[in-house]
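Take a look at the structure set out below.
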Amino acid sequence: MNKWLQLILSFAVLLPLLTGCWDRQELNELGIMLGLGVDKDGDLIRVSAQVVVPNEVSSKSGGGKGTPVTQYQASAPTLFEAIQKLTESSPRRIFMAHIRVMVIGEEYARKVGIYDITEALMREPTVRPDYYVMVARNTTASKVLDVLTPLENLPAEKMFNSLDVSSKIWSPTTTVTGDQLMEYMLAPGIQPVITGVEIVGDSQHSGSKDNISTIRSPARLHSTGLSVFKKDKLIGWLTEDESKGYNYIRNNVVSTISHLPCQKEGYVTFKTLRTNTKRKAKVVAGRPLINIKIKNVSSIGAVECGIKIGSMKTLKELERDSEERLVDLMEESVKSVQRKFHVDIFGFGREVYHSDPKFFKKVEKDWDEYLENLDVHYDVNVQIKRVGTLDDSFRNELKE
């Protein structure tokens with residue numbers, strides 16, 4: 001083979017392998033953003049970026065003298081203009097690949113809507129859509145991202161981990177990632193629901209190290225309630241019990257704690273070990289019908305009254321009372337949403353769509369009206385498998 005031809009072929013094979021570093025970015029030139037806040041600023045979008053301070057989180061540099069994160073803010077007509085504008089105050093280019101939480105101010109969510117910012121982040125190739133979305137309740141996103149937190153010194157990491165753990169062991173909260181939020185806004189027969197976060201306590205020094213220098217922080221972040229959206233705008237909040245009912249219906253509950261009152265005084269506490277919800281829809285004589293079936297396995301956590309917990313009769317009565325309590329929670333949640341919000345946050349429309357697509361296409365535009373009179377049937381089965389390491393309570397044997 002001709003020598004020149006061999007040389008050209010060699011270059012053709014090797015050149016594609018030499019392009020691996022064409023888009024490299026030096027770490028010491030980047031500002032790593034963990035939390036992104038979005039607020040309304042007149043007619044503009046105000047972006048708040050919670051950025052890691054490398055020297056303060058590095059053990060080698062002997063950090064701890066300042067705060068572990070800093071916050072930059074900028075306002076512009078669009079999200080990415082505001083993010084680029086952050087470089088007016090930040091000495092480093094903002095790197096968005098490690099966003100853990102996006103916090104949306106309540107005013108922005110109510111008046112502007114969250115679709116445009118969600119789509120912008122989904123379109124951006126450097127942003128992974130596995131961040132959690134939260135709504136700043138009764139406050140702004142910038143104030144939420146301004147709170148320093150103990151235990152987890154990176155506040156955005158704290159919010160991510162706190163919501164992640166809470167959604168698995170406490171039924172009133174749930175997680176929504178960026179891609180799930182986009183799906184809920186676009187899919188027929190379901191509207192978005194996002195967990196709220198609020199500032200509890202004295203927020204005057206929430207951004208200084210005073211907030212983490214005492215055992216009990218003056219200002220704390222608290223995940224609270226579920227916000228209800230119609231299309232992409234916030235229209236209200238569910239109470240704690242309504243949020244529990246919502247999560248049972250949506251099969252979001254992994255484990256949780258609940259209680260029932262005793263006949264005289266005190267409570268019996270239950271630990272939910274596992275629970276599973278199945279939803280099915282069918283159309284009967286032109287009317288949609290939703291069937292919700294829950295299988296719940298629990299154990300006794302505590303007994304504050306003198307009932308015979310070792311008796312099978314007592315356990316059967318507790319199982320029956322627990323079933324009624326779960327049905328009440330779900331009914332309360334559905335009726336409240338039907339009465340106050342008139343939107344389908346439970347995904348009943350999706351079930352009808354999957355069951356009978358032709359019927360749903362006919363009623364899709366008027367689905368909210370169908371929702372108000374929708375028949376929902378509940379079938380709950382609770383099994384108490386364990387009573388702990390004790391049988392009957394010793395409360396009645398306490399010394400006088």
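All values reported here derive from a predicted model rather than from experimental measurement.
- One finds the OG1 atom of T175 at 8.0 Å from the NZ atom of K168 (value rounded to the nearest 0.5 Å).
- Residues M122 and M182 share a closest heavy-atom pair of CG-CE, 4.0 Å.
- Put simply, CZ on F80 and CG on L121 are 5.0 Å apart, with the number rounded to the nearest 0.5 Å.
- Side-chain N or O atoms of T272 include none that pairs as donor or acceptor with a backbone N or O of S255 at under 3.5 Å.
- A salt bridge links E364 to K361: at least one charged side-chain nitrogen sits closer than 4.0 Å to a carboxylate oxygen.
- For the pair E240/W170, a side-chain contact is recorded, criterion being any heavy-atom separation below 4.5 Å from C-beta on.
- With values rounded to the nearest 0.5 angstrom, H98 atom NE2 is found 11.5 Å from M33 atom CE.
- Taking each heavy atom of L260 and D321 in turn, the nearest pair found is CD1-CB, 3.5 Å.
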Starting from the C-alpha separation in whole Å, work towards a yes-or-no answer on side chain to side chain contact (heavy atoms under 4.5 Å, CB included) for F270 and I384. CA-CA 9 Å; F270 299 88; I384 298 175; 3.7 Å; yes

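- Note that CE of M159 is 13.0 Å distant from OG1 of T195, once rounded to the nearest 0.5 Å.
- No side-chain donor-acceptor contact under 3.5 Å links R279 to the backbone of I292.
- Closest heavy-atom contact between A219 and V147: O-CG1, 3.9 Å.
- Aromatic ring orientation, F359 versus Y370: perpendicular (interplanar angle above 60°, classes split at 30° and 60°).
- Side-chain atoms of D232 come within 3.5 Å of backbone atoms of Y115 as a donor-acceptor pair (strictly under, hydrogens ignored).
- Rounded to the nearest 0.5 Å, atoms CZ (R274) and CD (Q383) are 8.5 Å apart.
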For the pair V144 and I199, evaluate side chain to side chain contact (heavy atoms under 4.5 Å, CB included) and give the outcome as yes or no after the intermediate values. CA-CA 7 Å; V144 168; I199 302 173; 4.3 Å; yes

Working for side chain to side chain contact (heavy atoms under 4.5 Å, CB included), residues L234 and F229: CA-CA 4 Å; L234 190 152; F229 283 73; 3.9 Å; yes

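- Screening residues 138-160 for side-chain hydrogen bond (donor to acceptor under 3.5 Å, both in side chains), with sequence neighbours left out, gives R100-E157, T140-S142, E152-N161.
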Residues D241, R325; criterion salt bridge (Lys or Arg N to Asp or Glu O under 4.0 Å); working and verdict: CA-CA 11 Å; D241 279 351; R325 172 61 178 157; 3.7 Å; yes

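- Neither side chain, S223 nor S166, offers a donor N or O lying under 3.5 Å from an acceptor on the other.
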Run the side chain to side chain contact (heavy atoms under 4.5 Å, CB included) check on V337 and L238 step by step: do they pass? CA-CA 8 Å; V337 171; L238 298 182; 3.9 Å; yes

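- Side chain of R93 to backbone of E29: no donor-acceptor contact under 3.5 angstrom is found.
- Tested against L226, the residues V135, I194, N247 include a single side chain to side chain contact (heavy atoms under 4.5 Å, CB included) partner, N247.
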